[in-house]
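Comments concern the structure below.
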Amino acid sequence: MNQTIKIVIAGARGKMGSETVQLIQETEHFELIAAVDHKYIGQTVGEVLGMDGVTAPIYHDLKDCLQNVEADVFIDFTNYETGMKHTEIAIEAGVRSVIGTSGFTKEDVARLQTLAEENNTGVIIAPNFALGAVLMMKFSKLAGKYFDDVEIIEMHHDQKLDAPSGTGIKTAEMIAEVRKPHQQGHPNEKELLKGARGADYDGIRIHSVRLPGLIAHQEVLFGSAGETLLIRHDSYNRHSFMSGVKLAVERVMELNVLVYGLDNILE
């Protein structure tokens with residue numbers, strides 16, 4: 001690309017955010033022009049993260065930030081409540097957004113889709129930025145046409161706040177699009193401990209594992225008479241998400257609507 005994409009980021013001090021700042025610095029046509037944080041107001045991102053040459057100032061309020069800088073894309077890696085507020089502000093300001101914050105419900109996405117259409121502004125909300133994970137979801141949807149019985153096991157680090165993960169829910173949603181609703185297991189089964197069979201999405205069971213040492217992992221296990229099919233993806237570090245972040249920032253520049261999931265922008 002010839003055009004330099006000017007970027008504002010929220011959540012730069014977090015693990016995904018700091019990795020994204022590094023990506024921006026390493027990408028010739030990306031430029032970090034500001035950050036939003038509730039701390040370190042008036043300082044630069046470089047001063048806070050210990051990165052030489054990163055001179056983007058830190059603002060406390062996104063609305064104020066977008067009134068003072070000319071941004072092309074806003075990136076959010078914060079939390080659910082802040083992410084929702086930020087996304088609405090960015091859309092209303094006409095700034096395209098890439099949202100990696102998880103926890104959005106179907107109702108949230110529908111409301112933001114309407115807002116994006118009204119403001120003719122592109123948004124990408126991605127439950128997972130690892131391209132391998134996106135392909136895992138697409139492969140699972142394909143398999144869902146042929147296997148009625150499926151369980152999802154998603155495994156993340158023990159600091160993750162939401163369960164199931166956005167990836168787990170998105171995978172179940174994609175499979176449900178092609179699978180007839182089907183209650184799995186014995187019709188008279190009984191949980192001796194509540195939650196033993198996991199969450200239930202249209203009959204698809206989702207199990208969440210939280211342990212130190214994990215980053216982001218998911219397996220989708222299909223079963224049929226005499227066979228099983230396992231589709232699995234593992235992210236061993238957060239650098240694995242950066243190819244998807246880069247793709248999303250570039251593609252959102254071409255959008256005037258909201259897209260939920262990188263699977264919808266992969267060719």
Side-chain angles (χ1 to χ4, degrees), residues 10-11 16 74-92 96-130 133-145 148 150-156 160-184 195 197-208 210 216 218 220 231 233 241 244-245 248 251-252 255-266:
M16 278 295 290
F74 167 67
I75 300 175
D76 191 279
F77 284 111
T78 57
N79 56 59
Y80 166 70
E81 291 82 7
T82 304
M84 272 296 297
K85 178 182 175 183
H86 281 170
T87 307
E88 291 173 346
I89 290 171
I91 292 172
E92 290 172 349
R96 292 177 170 87
S97 301
V98 172
I99 309 300
T101 302
S102 59
F104 290 87
T105 65
K106 278 187 174 181
E107 292 74 21
D108 293 330
V109 173
R111 183 154 63 90
L112 292 172
Q113 281 177 328
T114 300
L115 191 61
E117 290 174 7
E118 290 173 350
N119 287 271
N120 200 37
T121 302
V123 181
I124 294 176
I125 299 175
N128 199 314
F129 284 101
V134 177
L135 291 171
M136 175 260 301
M137 289 186 273
K138 290 176 75 73
F139 296 156
S140 297
K141 181 177 180 178
L142 175 61
K145 294 180 179 180
D148 292 332
V150 53
E151 306 220 356
I152 298 169
I153 304 96
E154 56 92 354
M155 298 158 278
H156 285 80
K160 186 169 179 60
L161 298 178
D162 55 316
S165 67
T167 302
I169 295 172
K170 174 69 170 174
T171 305
E173 290 173 348
M174 291 174 66
I175 294 171
E177 290 175 11
V178 298
R179 170 187 176 272
K180 293 180 181 178
H182 168 62
Q183 198 63 39
Q184 299 177 174
R197 290 290 289 120
D200 187 325
Y201 185 95
D202 208 21
I204 301 169
R205 294 292 181 170
I206 309 176
H207 309 269
S208 298
R210 299 291 179 265
Q218 180 169 292
V220 187
I231 302 172
H233 177 264
F241 304 117
V245 173
R251 290 290 178 86
V252 80
L255 298 176
N256 294 308
V257 295
L258 185 148
V259 171
Y260 179 61
L262 290 191
D263 54 291
N264 291 306
I265 64 171
L266 286 184

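Keep in mind the model is a prediction, meaning the values are calculated, not measured.
The main-chain N or O of Arg205 is never found under 3.5 Å from a side-chain atom of Arg197 such that the two would form a donor-acceptor pair. Here the side chain of Thr101 pairs a donor or acceptor atom with the backbone of Thr78 at under 3.5 angstrom. The backbone N or O of Lys138 lies less than 3.5 Å from no partner atom in the side chain of Ser140, so there is not a single donor-acceptor pair. Here the side chain of Asn79 pairs a donor or acceptor atom with the backbone of Thr82 at under 3.5 angstrom. Checked by atom type and distance alone, the side chain of Asn264 pairs as donor or acceptor with a backbone atom of Tyr260 at under 3.5 Å. For the pair Arg96 (side chain) and Thr121 (backbone), a donor-acceptor distance under 3.5 Å is absent.
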Derivation of the side-chain contact (heavy atoms from CB on, under 4.5 Å) call for Leu115 and Glu92: CA-CA 8 Å; Leu115 191 61; Glu92 290 172 349; 4.1 Å; yes

Salt bridge (charged side-chain N to carboxylate O under 4.0 Å, His left out) assessment of Lys106 paired with Asp108: CA-CA 5 Å; Lys106 278 187 174 181; Asp108 293 330; over 6 Å; no

Test log, rule side-chain contact (heavy atoms from CB on, under 4.5 Å), inputs Leu266 and Val134: CA-CA 9 Å; Leu266 286 184; Val134 177; 3.5 Å; yes

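For the pair Glu88/Met84, a side-chain contact is recorded, criterion being any heavy-atom separation below 4.5 Å from C-beta on. Put simply, the side chain of Glu81 does not reach to within 4.5 Å of the side chain of His86, judged on heavy atoms. Considering only heavy atoms from C-beta on, Val123 stays 4.5 Å or farther from Leu255 through its side chain. With a 4.5 Å cut-off on side-chain heavy atoms, Val220 and Met136 count as touching. Residues Asp263 and Met174 meet the side-chain proximity criterion, which asks for heavy atoms closer than 4.5 Å.
Counted by atom type alone, Gln183 and Asp200 present one or more donor-acceptor pairs between their side chains at under 3.5 Å. Counted by atom type alone, His156 and Glu154 present one or more donor-acceptor pairs between their side chains at under 3.5 Å. No side-chain donor from either of Asp148 and His182 sits under 3.5 Å from a side-chain acceptor of the other.
Here Asp76 contributes atom CG and Thr87 contributes atom OG1; the two are 5.5 Å apart, rounded to the nearest 0.5 Å. For the atom pair CG of Asn119 and CG of Leu258, the computed distance is 12.0 Å after rounding to the nearest 0.5 Å. Leu262 contributes atom CG, which lies 11.5 Å from atom CD1 of Ile125 (distance to the nearest 0.5 angstrom).
Contact record, Ser165 with Arg210: N-NH2, 3.9 Å, taken as the closest heavy-atom pair. Scanning both residues, Tyr201 and Ile206, for their nearest heavy atoms gives CB-CD1, 4.2 Å. When all heavy atoms of Asp162 and Ser102 are compared, the pair lying nearest together is OD2-OG, 3.1 Å. The shortest heavy-atom contact between Phe241 and Phe129 is O-CB, 3.3 Å. Of all heavy-atom pairs between Leu112 and Ile91, the closest is O-CD1, 4.0 Å. Contact detail for Asp202 and Ala176: the closest heavy-atom pair is OD2-CB, 3.8 Å.
Evaluation of the side-chain contact (heavy atoms from CB on, under 4.5 Å) rule for Lys85 yields Ile89 as partners, not counting sequence neighbours.
Contacts classified as side-chain hydrogen bond (donor to acceptor under 3.5 Å, both in side chains) and involving residues 167-179 (residues at least two apart or in different chains) are given here: Asn128-Thr167, Lys141-Glu177, Thr171-Gln218, Arg179-Gln184.
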